[in-house]
Amino acid sequence: MLKWWVGGGALALLAVGSVQAQVTPAAGYTPPDDTPTIKVGTVIFTDYTYQDEPTVTDAAGNQVKSKGFNVTRAYINVTGNITHLFSFRVTPDITRESGLGSSLTGSLDYRLKYAYGQFNMDQWLGKGTWLRLGDIQTPYIDFIDSVYRYRFQGPTITDREGFLVSADFGLAGHYNFPGNFGDVMFGVYNGEGYQKAEANNQQAYQIRATLRPVPLGGLFSGLRLTGFYDDDAPVNGGKRNRFVGALTFEHKYANAGFEWLSNEDQPLPTSPSVKSDGYSVWVTPRTSFGLEGLLRYDDLTPDKDVDAKKDRTIAGVSWWWYGQTTPVSAALMLDVEKVGYDEALAKADEKRYALHALFQY
């Protein structure tokens, strides 16, 4: 039945009865939740470290073995949704003030680590499809850290040796392959890292593609093959290129990984090109009640034209408090780390013992 009425100079048509029923949402349809939300969390890395080698010289000229407490990460994570299409993250982190002559020299200052807006495209391209703009994660470090899980002891080889950074200013996208076969992340970044402003007109083009060959369950469902490439230049005519190939495995009783990296650096068009390569292999065996281990070995050739290597060995045991859901976690770890340098590198070998702690909410 249709009813007409006139009011305020306007003519309107009201649909009732069977006509009205045609615009009723279909049974079982749940409209997207566009209620704005905001969450606050934190991540803390803290440690006590005793450096057995090399010794350091104190203000009185004594040769001493360095030891002390430190905080290496103190994130304040602010995340939220504006609508089901738009979300955001803001994360400040700490850094040690090292400027000479400043009253803050030696202090821990906060700086911006992440700050981005995200456009979610789940409803069109599947869950986990998005675009991010701002100060965002780079494709490889964020991925490998999620498998390694021991960044609170120290970064993986590409980050620790300064070849890659975990965040930068740019635009990035992510897509999950159907059937849990893997994912791909790609982005355009300044290339200088989140610690620095863009210096010129050069940008970095980064892509990571990960394949899960056996996605449907079983022992090898945690196996993944990953390739990463970074095409960058510090100046026009220079080179700052990175390639990483990785094989990772995740299981309830162990995570393991093998990373191989190849790099090329040319600071200026007139500078010689320096090529380096290396690998890292690690395993983190664990029990069902929280006791875990970490065994890791890194091998790096800083310059392939020079017959000299740097190696790192890490061995540790940790305790994780379970009973909470990810990302809530707490852990303590005792470890020893040794770093060796061939004579041509002209650096003293290192050995340190540490107690590391992770608190994440």
Original post:
Do the rings of F152 and H356 sit parallel, tilted or perpendicular, given the 30° and 60° boundaries?
Top reply: perpendicular
Original post:
Aromatic rings W282 and Y148: how do their planes relate, parallel, tilted or perpendicular, breaks at 30° and 60°?
Top reply: perpendicular
Rounded distance (nearest 0.5 Å) linking atom [atom1] of [X] with atom [atom2] of [Y]:
X	Y	atom1	atom2	value
D93	Q195	CG	CD	10.0 Å
L332	L355	CG	CG	6.0 Å
Y361	S329	OH	OG	12.5 Å
F163	D230	CZ	CG	12.5 Å
S262	Y279	OG	OH	15.5 Å
D335	L294	CG	CG	7.5 Å

Could you pull out all donor-acceptor pairs under 3.5 Å where a side-chain atom in residues 265-273 meets a protein atom, sequence neighbours excluded?
from, atom 1, to, atom 2, distance (Å)
D265, OD1, R242, NH1, 3.2
D265, OD1, R242, NH2, 2.8
D265, OD2, R242, NH1, 3.1
Q266, NE2, P269, O, 3.3
Q266, NE2, S271, O, 2.9
S271, OG, L268, N, 3.4
S273, OG, E264, OE2, 2.8

Just by modelled atom types, is the [Y] backbone N or O under 3.5 Å from a matching donor or acceptor in the [X] side chain?
X	Y	value
N81	T83	no
R132	L171	no
Q51	P54	yes
D232	K239	no
D58	A60	yes
T57	G61	no
N200	Q202	yes

Side chain to side chain, [X] and [Y], heavy atoms closer than 4.5 Å:
X	Y	value
D311	V339	no
Y114	Y194	no
E250	R224	yes
Y297	R312	no
T156	D145	yes
L295	V281	no

same_hphob_cluster([X], [Y]) at 4.5 Å side-chain heavy-atom cutoff:
X	Y	answer
V147	Y253	no
I314	L358	yes
V336	Y341	no
Y116	F169	no
L219	L247	yes

Original post:
Step by step, would you call T301 with K309 a side chain to side chain donor-acceptor pair (under 3.5 Å)?
Top reply: CA-CA 5 Å; T301 302; K309 289 182 178 291; 3.0 Å; yes
Under 6.0 Å from the [atom1] atom of [X], do we count more than 12 heavy atoms belonging to anything else shown?
X	atom1	answer
Q63	CD	yes
K113	NZ	yes
D307	CG	no

Closest approach of [X] to [Y] (non-hydrogen atoms, all atoms of both residues):
X	Y	value
G173	L131	CA-CD2, 3.7 Å
V71	L108	O-CD1, 4.1 Å
W130	A172	CZ3-O, 3.9 Å
P139	Y189	CD-OH, 3.4 Å

**OP:** Sort out for me which residue in D159, I141, I157 forms a side-chain contact (heavy atoms from CB on, under 4.5 Å) with L164.
**Re:** I141
Any Lys/Arg nitrogen of [X] or [Y] sitting under 4.0 Å from an Asp/Glu carboxylate oxygen of the other?
X	Y	value
K338	E350	no
R240	E192	yes
K310	E161	yes
D298	R296	yes
D52	K65	yes

**OP:** Please confirm whether W320 and Y150 have ring centers closer than 6.0 angstrom.
**Re:** yes
Original post:
Which residue pairs pass the ring-ring contact (aromatic ring centres under 6.0 Å, His included) test when at least one of the two sits in residues 206-241, sequence neighbours left out?
Top reply: Y140-F228
**OP:** Can you tell me which residue pairs pass the ring-ring contact (aromatic ring centres under 6.0 Å, His included) test with a partner in residues 51-85, sequence neighbours excluded?
**Re:** Y48-F69
Original post:
Does the pair F88 and I38 meet the rule for a side chain to side chain contact (heavy atoms under 4.5 Å, CB included), with working shown?
Top reply: CA-CA 9 Å; F88 64 88; I38 190 168; 4.3 Å; yes
Original post:
Without hydrogens or angle criteria, can the side chains of N255 and T284 be said to hold a donor-acceptor pair below 3.5 Å?
Top reply: no
Original post:
Are T91 and R89 close enough that a side-chain donor and a side-chain acceptor fall under 3.5 Å?
Top reply: yes
Subject >> Audit row: I76, Y110, side chain to side chain contact (heavy atoms under 4.5 Å, CB included) steps and yes/no >> reply: CA-CA 10 Å; I76 300 173; Y110 267 100; 3.9 Å; yes
Subject >> Verdict with reasoning, T138 to D168, per side chain to side chain donor-acceptor pair (under 3.5 Å) >> reply: CA-CA 7 Å; T138 52; D168 201 350; over 6 Å; no
**OP:** List the steps and the verdict of side chain to side chain donor-acceptor pair (under 3.5 Å) for D47 and T49.
**Re:** CA-CA 6 Å; D47 66 79; T49 300; 2.8 Å; yes
Subject >> Audit row: R212, T210, side chain to side chain donor-acceptor pair (under 3.5 Å) steps and yes/no >> reply: CA-CA 7 Å; R212 191 187 298 271; T210 298; over 6 Å; no
**OP:** Give the C-alpha distance, both sets of side-chain angles, the deciding distance and a yes or no for side chain to side chain contact (heavy atoms under 4.5 Å, CB included) between N77 and V43.
**Re:** CA-CA 8 Å; N77 286 315; V43 179; 3.7 Å; yes
Subject >> Among T72, D109, N70, side-chain hydrogen bond (donor to acceptor under 3.5 Å, both in side chains) partner for R96 >> reply: N70
